[in-house]
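Computed from heavy atoms alone, side chains included, the values below leave out hydrogens, waters and symmetry copies.
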2 protein chains.
Amino acid sequence: MLKLTKKADYGLIALKYLAEHPEKTAVSAKDVADAYGIPAQLLAKILQQLTKSGLLKSHAGMNGGYALARDPGKISTFEVILAIDGPFFITSCTKGAKDCELSHNCTIKEPLARVNDTIAGVLKSISISDLTDHESAEGHAGDIAKIGLVSLSTHVVEAK
Amino acid sequence: MLKLTKKADYGLIALKYLAEHPEKTAVSAKDVADAYGIPAQLLAKILQQLTKSGLLKSHAGMNGGYALARDPGKISTFEVILAIDGPFFITSCTKGAKDCELSHNCTIKEPLARVNDTIAGVLKSISISDLTDHESAEGHAGDIAKIGLVSLSTHVVEAK
DNA sequence: CTTAATTACGACCTAAGCGGTCGGATATTC
DNA sequence: GAATATCCGACCGCTTAGGTCGTAATTAAG
């Protein structure tokens, strides 16, 4: 279905929240959970994962909580999703082509891998601070094309 | 995890196979299944779905089978995935924002919806005939940028 | 007209993963 | 030492993906 998990959603929401409140030195999982109606214990585990991945700094004890480990502009959504959901690959045949090799040539994998890279590139290009919608994120229209997009298309269809 | 299902994989593989064998007027599900080691009955159901969606034409009976309903260049991977897996949305909170509304503002959804559109645009730009890897699908490097990509990035990260 | 190939369709099953909870341990501040 | 927190592992219910089975309807070939 190509959808990302709720955990990743929650993680992104939490990081965005942290990015929007730089005045607070530490925000508890419960605070964020209450603010958005997210199950507190679940969010706690997510934030712990993000901490282990080095995206957050944690501080236990009273008045403790989490804080961004880096500038929100330096944290990509790709990293967040990776930290929470693990490495993703469009192809259900996992990367190694190990399983598909025996069943002849899964000829579709190479082009699909390029699609995978494209999507990853898009995700890498979007940082947490980009999620803070300052309404129109105009400009830089051509930059996306530089993200290592392999052009697969010989016939560009206009997207709705 | 942002991966597409095996069913979609199988469907794409089958369509590519059909596109590569235009000489055959009809290919049975079993033929394709045997060629790639795909469970025959499962593939059959997938091809039936694609037929219902108008991407394939079917012919029952002996020497029957499936054929592309259109030129492979006119069938986008987006359509295939849509036909098999149904509409996909990056956001786990389904499109209507119905469920998220009550739990305050799920501020992350708008930017994520744009990511969704971007990915959809990429998928729409890739046709079945594009999957036939004529090695380097060069050129058109900038075209992707025209696909209605909303530029979210202010800081482009180099993709691997 | 019988047989074999093939699509069409629905019921069903199983394993895995997501979303979530619970309980307890550790750390830190007041 | 009591109140907040992070930490961490075990557990659980539910959905869904992936796949099977059986059966009916269609069509071509002998």
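Distances shown here put every side-chain N or O of A:Ser28 at or beyond 4.0 Å from the OP1 or OP2 atom of D:dT4. Using a 4.0 Å cut-off, no side-chain N or O of A:Thr5 falls inside it from OP1 or OP2 of C:dG17.
Under the side-chain contact (heavy atoms from CB on, under 4.5 Å) test applied with A:Val80, the options A:Ile46, A:Leu4, A:Leu123, A:Ile128 reduce to a single match, A:Ile128. Screening B:Leu12, B:Val122, B:Leu82 against B:Thr77 for a side-chain contact (heavy atoms from CB on, under 4.5 Å) leaves a single residue, B:Leu12.
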Given the rule in the side chain to side chain contact (heavy atoms under 4.5 Å, CB included) test, do B:Tyr66 and B:Val27 qualify, once you have shown the distances and angles that lead to the verdict?
CA-CA 5 Å; B:Tyr66 298 92; B:Val27 179; 5.8 Å; no

Side chain to side chain contact (heavy atoms under 4.5 Å, CB included) assessment of B:Lys57 paired with B:Leu68:
CA-CA 6 Å; B:Lys57 284 180 301 183; B:Leu68 294 175; over 6 Å; no

Checking side chain to side chain contact (heavy atoms under 4.5 Å, CB included) for the pair B:Tyr17/B:Tyr36: CA distance, chi angles, key distance, verdict?
CA-CA 10 Å; B:Tyr17 182 88; B:Tyr36 292 99; 3.5 Å; yes

Trace of the side chain to side chain contact (heavy atoms under 4.5 Å, CB included) decision for A:Leu55 with A:Thr51
CA-CA 6 Å; A:Leu55 299 179; A:Thr51 303; over 6 Å; no

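With distances taken from any side-chain atom of B:Pro39 to the nucleotides D:dT20, D:dC7, C:dA8, the minimum falls on D:dT20. You'll find that the side chain of B:Ala29 is closest to C:dT7, out of C:dC18, C:dT7, D:dA5. For A:Leu42, whose side chain is taken as the heavy atoms from C-beta onward, the closest listed nucleotide among C:dT7, C:dG20, D:dT6 is C:dG20. Of all nucleotides listed (C:dT21, D:dG19, C:dC9), C:dT21 comes nearest to the side chain of A:Gln41.
Nearest heavy atom pair, residue A:Ala44 against residue A:Ala29, reads CA-CB, 3.9 Å. In terms of heavy atoms, A:Ala33 sits closest to A:Ala40 at CB-CA, 3.6 Å.
Here C:dG10 presents its C1' atom at 8 Å from NZ of B:Lys45, a figure rounded to the nearest Å. Between B:Gln49 atom CD and C:dT7 atom C1' there is a gap of 14 Å when expressed in whole angstrom units. In this structure, A:Ile84 atom CD1 and C:dG17 atom P are separated by 18 Å, rounded to whole Å. Here C:dA8 presents its P atom at 10 Å from NZ of B:Lys52, a figure rounded to the nearest Å. The separation between A:Leu47 atom CG and D:dT6 atom P is 8 Å, rounded to whole Å. Distance A:Ile46 CD1 to C:dG20 P: 9 Å, rounded to the nearest Å. At whole-Å resolution of the value, OH in B:Tyr10 and C1' in D:dA17 are 11 Å apart. Distance NZ (A:Lys6) to P (D:dC14): 15 Å, rounded to an integer number of Å.
By the 4.0 Å N-to-carboxylate-O rule, A:Arg70 lies close enough to A:Glu79 to be salt-bridged with it.
DNA chain D forms stems at C:1-30 with D:1-30, each a run of 3 or more consecutive Watson-Crick or G-U wobble pairs whose two key distances fall under 3.5 Å.
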Within the sub-3.5 Å range, which N or O atoms of nucleotides 28-30 of chain D have a protein N or O partner, and how far apart are they?
from	atom 1	to	atom 2	distance (Å)
D:dA28	OP1	B:His59	NE2	3.3

